Enquirer: 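Before I ask anything, let me first share the structure, which is written out below as structure tokens.
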Number of protein chains: 2
Amino acid sequence: MLKLTRKVEYALIALRHLQGKKRSQLSSTKEIAEAYHIPVELLAKTLQLMARNEIIDAVQGPLGGYRIKADFHEINMTDFIEMIEGPLGLTDCHFDTECVQANTCNIKKPINKVNKSIRAVFNNMTLADITG
Amino acid sequence: MLKLTRKVEYALIALRHLQGKKRSQLSSTKEIAEAYHIPVELLAKTLQLMARNEIIDAVQGPLGGYRIKADFHEINMTDFIEMIEGPLGLTDCHFDTECVQANTCNIKKPINKVNKSIRAVFNNMTLADITG
DNA sequence: ACTTTATCCGACAATATTAGTCGGATATGC
DNA sequence: GCATATCCGACTAATATTGTCGGATAAAGT
């Protein structure tokens, strides 16, 4: 049904939350999870992932938490989505080679065309376009 | 990962196959399934679905099979995909009302914007654009 | 030093979705 | 009537997503 995963949704919600804070103020996983009713552990992983990718900063220890690091205007949405939920494509056939159809498939080219159109949508969009 | 279901792929492959035939010539499920290594029963259902939606014609009995009915230039891709795999959207929140986030969600609007962009891609595309 | 609270991380379990199967019906040409 | 086609609902299997658990490391406060 061509949908984004919850992890991406949670990531966006969290980023938007962080944007409402002052540059230096930290938000903990718990704080965000409770504010939006998101499972803590799952949100935690998503935040960790974003921290590893330098979208946000992580500060450990008590009084720790996360704060925005990157300039959202510079984060491409294709990259962002792929960072969180892996390769972005209409079909599997671009990633794994073992497709029984492979040789006989008559829609490889057209599917590829559509694929590009979809990717283009996200390529021409930055995180800033979404989080405001 | 934002992908189409196999059913849609199979549908497109089948339609493309039918296009290679003369207007009056029939192709059976078995013939198509074997040509592209698609599970017969699954393809059968997809073809039946398309027949019900008057994209193709079904002829029963031995010597029966399917042939193209609709003008592919007139079939919008959004409609086609939704016909086969149901509602097309980036998130569930547009369909079911029971989302725990609902009230507190801070990304409803932005997600909706992206959603429209994606739908636009398929809206501005007909079956003919894909099957050639 | 110890306790508390935070990030960090891998492995696991539950759930939902998709893919594929099966049994039996109806239609029709021979 | 037999063979072969579409038709259709219900079922099972496979896969992917979502959520949970246990335990580690980091650092602030006492």
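Chain A is the first sequence line, chain B the second, and so forth, proteins listed ahead of strands; every chain is numbered from 1. Here the structure is a predicted model, which means the values were calculated and not measured.
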Enquirer: Just the rounded figure in Å: distance from C1' of D/dA16 to CG of B/L4.
Expert: 16 Å
Enquirer: Once you round to the nearest 0.5 Å, how far does CG of B/L42 lie from OG1 of B/T46?
Expert: 5.0 Å
Enquirer: Give the rounded distance in Å between these two atoms: NZ of A/K30 and C1' of C/dT5.
Expert: 9 Å
Enquirer: Pick out the pairs of N or O atoms, protein on one side and nucleotides 24-30 of chain C on the other, that lie under 3.5 Å.
Expert:
from: C/dA27; atom 1: O4'; to: B/Q60; atom 2: OE1; distance (Å): 2.6

Enquirer: Below 4.0 angstrom from OP1 or OP2 of C/dA19, is there any side-chain N or O of B/Y10?
Expert: no
Enquirer: Return the CD1 to CG distance between B/I81 and B/L12, rounded to the nearest 0.5 Å.
Expert: 8.0 Å
Enquirer: So, using ring-ring contact (aromatic ring centres under 6.0 Å, His included) as the criterion, who are the partners of B/Y36 when residues are at least two apart?
Expert: B/H17
Enquirer: Hey, mind stepping through B/N53 and B/F80 against side-chain contact (heavy atoms from CB on, under 4.5 Å) and telling me if it holds?
Expert: CA-CA 9 Å; B/N53 284 275; B/F80 181 74; over 6 Å; no
Enquirer: To the side chain of B/R6, which of D/dT6, C/dG20, C/dT17 is closest?
Expert: C/dG20
Enquirer: Please report, rounded to the nearest Å, how far the P atom of D/dA27 is from the CG atom of A/D57.
Expert: 14 Å
Enquirer: Please work out which residues in residues 43-51 of chain A have a non-hydrogen atom less than 4.0 Å from an atom of DNA chain D and list them by number.
Expert: A/K45
Enquirer: Mind calculating the distance between CG (A/L26) and C1' (C/dA6) to the nearest angstrom?
Expert: 10 Å
Enquirer: Using a strict threshold of under 4.0 Å (side-chain N to carboxylate O), is an ion pair present between A/E82 and A/R119?
Expert: yes
Enquirer: Are any non-hydrogen side-chain atoms of A/F72 and A/Q19 less than 4.5 angstrom apart?
Expert: yes
Enquirer: Do any side-chain nitrogens or oxygens of A/T29 fall under 4.0 Å of OP1 or OP2 in C/dT7?
Expert: yes
Enquirer: Distance check needed: C/dT17 P versus B/K7 NZ, whole Å only.
Expert: 14 Å
Enquirer: Any sub-3.5 Å donor-acceptor pair from B/K113's side-chain atoms to A/D129's backbone N or O?
Expert: yes
Enquirer: Write down the atom of B/T126, the atom of B/H73, and the distance for their closest heavy-atom approach.
Expert: CG2-O, 3.2 Å
Enquirer: Does any part of the side chain of A/L63, heavy atoms only, come nearer than 4.5 Å to the side chain of A/L26, both counted from C-beta?
Expert: no
Enquirer: Considering just the side-chain nitrogens and oxygens of A/R52, establish if one lies under 4.0 Å of OP1 or OP2 belonging to C/dC9.
Expert: yes
Enquirer: Grab the CG-P distance between B/L42 and C/dC22 for me, whole Å please.
Expert: 13 Å
Enquirer: Check the distance between C/dT18's C1' and B/E9's CD and give it to me in whole angstrom.
Expert: 12 Å
Enquirer: Look at the side chain of B/Y66 and decide which nucleotide, out of C/dA19, D/dC7, C/dG20, has an atom nearest to it.
Expert: D/dC7
Enquirer: What is the distance from CG of B/N53 to P of D/dC8, rounded to the nearest Å?
Expert: 12 Å
